[in-house]
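All ligand and atom numbering here is 1-based and tracks the order in the structure. Just so you know, these numbers come straight off a predicted model, no measurement behind them.
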Amino acid sequence: MSESGPQHPRIGVFGGTFDPPHIGHLVSAIDVRDRLELDTVILMVANIPWQKAGSRRISAAEDRLDMVRAAVADVPGLVAGDHEIVAGGPSYTADTLAGLQREHPEAELFTVVGADAAAGLATWERFEEVVERSTVVVVDRPGAEADPAPLPGGAEWVRIEVPHLDVSSTDLRARIIEGRPLDYLIPPGTLRVIEERDLYRDGAAEVTS
Ligand code: ATP
Ligand code: MG
């Protein structure tokens, strides 16, 4: 018998910059939810992604949040998370998990990362707190080792195989600048937000400082 349900919700936290969200994020989140029988996967939009700050201009948090909201609008069990934006400041998963635990004291939490992000897990701010508060879930990503090096303290993690989709927000921003097709790579609702707000086309996001 699964302990899931309203009493003991199983909640996945899939953090990212989502600049913009794409099929790789969505397929991963949907498959993790299915395989681990999670009630919800929160696509948690980073406020200030500390690992990216300074390397390029990140789109406004509200724009990224609205793009993710549009992406998950029709997908059962996926929601956009604004916790880190509401909290303000740099976004650390350890703090986000602590906040979610206060919000849902009975919940079991899962921290979902792509294999590229998994490789850097040990450098995360208060990583040991992330491991204490959640089960780490690693999804495949082309170009990254499928398995992270052993986690500090021998922390357990779970690997979920997902279709290998060689798609990144970086490539998609380049496609937008170059006027190349985006269909099926970015959900239609998200494309509408990008068009309405004329995001990315000026290439400002690629400027390095
Ligand atoms: P950027 O190119 O700007 O870094 P990204 O495509 O890597 O964007 P992020 O917002 O940085 O997207 O990633 C958020 C999370 O999603 C990370 O854990 C990352 O590993 C994972 N992820 C991103 N793209 C994929 C993909 N194609 N397959 C599996 N996981 C992915
Ligand atoms: Mg990335």
Contacts table for residues 66-83: side-chain donor-acceptor under 3.5 angstrom, sequence neighbours left out:
from, atom 1, to, atom 2, distance (Å)
D66, OD2, R197, NH1, 3.0
D66, OD2, R197, NH2, 2.9
H83, NE2, E103, OE1, 3.3

For this session: Examine ligand 1 and decide if any of its atoms is less than 4.0 Å from a heavy atom belonging to H22.
Result: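 Judged by the 4.0 Å heavy-atom criterion, H22 does count as contacting ligand 1.
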For this session: Return yes when A144 approaches ligand 1 closer than 4.0 angstrom through a heavy atom, no otherwise.
Result: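 No, A144 has no heavy atom closer than 4.0 Å to ligand 1.
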Ignoring hydrogens and geometry, is there a side-chain-to-backbone donor-acceptor pair from [X] to [Y] under 3.5 Å?
X: N47; Y: S91; result: no
X: R35; Y: I160; result: no
X: R33; Y: D39; result: yes
X: R173; Y: P20; result: no

Any idea which protein heavy atom is nearest [atom], and the distance to it?
atom: atom 13 (O) of ligand 1; result: H25 NE2, 3.5 Å
atom: atom 11 (O) of ligand 1; result: K52 NZ, 2.7 Å
atom: atom 18 (O) of ligand 1; result: G114 N, 2.9 Å
atom: atom 20 (O) of ligand 1; result: D116 OD1, 2.5 Å
atom: atom 3 (O) of ligand 1; result: R173 NH1, 3.2 Å
atom: atom 26 (C) of ligand 1; result: R141 NE, 3.6 Å

Between [atom1] on residue [X] and [atom2] on residue [Y], distance to nearest 0.5 Å:
X: D171; Y: H22; atom1: CG; atom2: NE2; answer: 8.5 Å
X: L185; Y: S168; atom1: CG; atom2: OG; answer: 10.5 Å
X: L38; Y: F110; atom1: CG; atom2: CZ; answer: 5.5 Å

Could you see which bit of [X] sits under 4.0 Å from ligand 1, with heavy atoms only: side chain, backbone, both or neither?
X: M44; answer: neither
X: T170; answer: both
X: S168; answer: both

Mark up the atoms of ligand 1 that fall under 4.0 Å of a heavy atom belonging to [X], in ascending order.
X: F14; result: 15 (C), 16 (O), 18 (O), 21 (C)
X: G24; result: 26 (C), 27 (N)
X: R56; result: 3 (O)
X: G15; result: 14 (C), 15 (C)
X: V113; result: 18 (O)
X: G16; result: 10 (O), 14 (C)

Problem set entry | Option among Q101, R133, E84 that satisfies the side chain to side chain donor-acceptor pair (under 3.5 Å) test with T96 | E84
Exercise. Heavy atoms only: which of D31, L43, D140, V167 is nearest to atom 28 (N) of ligand 1?
Worked result: D140
Is [X] in polar range of ligand 1, meaning some N or O pair under 3.5 Å apart?
X: V139; value: no
X: L165; value: yes
X: T17; value: yes

Exercise. What are the two closest heavy atoms between V41 and A29, and how far apart are they?
Worked result: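 Smallest interatomic distance, heavy atoms only, reads CG2-O, 3.8 Å.
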Exercise. Hey, is CZ on R180 packed in by over 12 heavy atoms from elsewhere, all under 6.0 Å?
Worked result: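 Result for CZ/R180: enclosed.
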Exercise. Is it true that V158 and V32 fall in one hydrophobic cluster, defined by side-chain heavy atoms closer than 4.5 Å?
Worked result: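 Yes, because V158 and V32 connect within a single hydrophobic cluster, where side-chain heavy atoms sit under 4.5 Å apart.
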Exercise. Residues in salt bridge (Lys or Arg N to Asp or Glu O under 4.0 Å) with R192, at least two apart?
Worked result: none
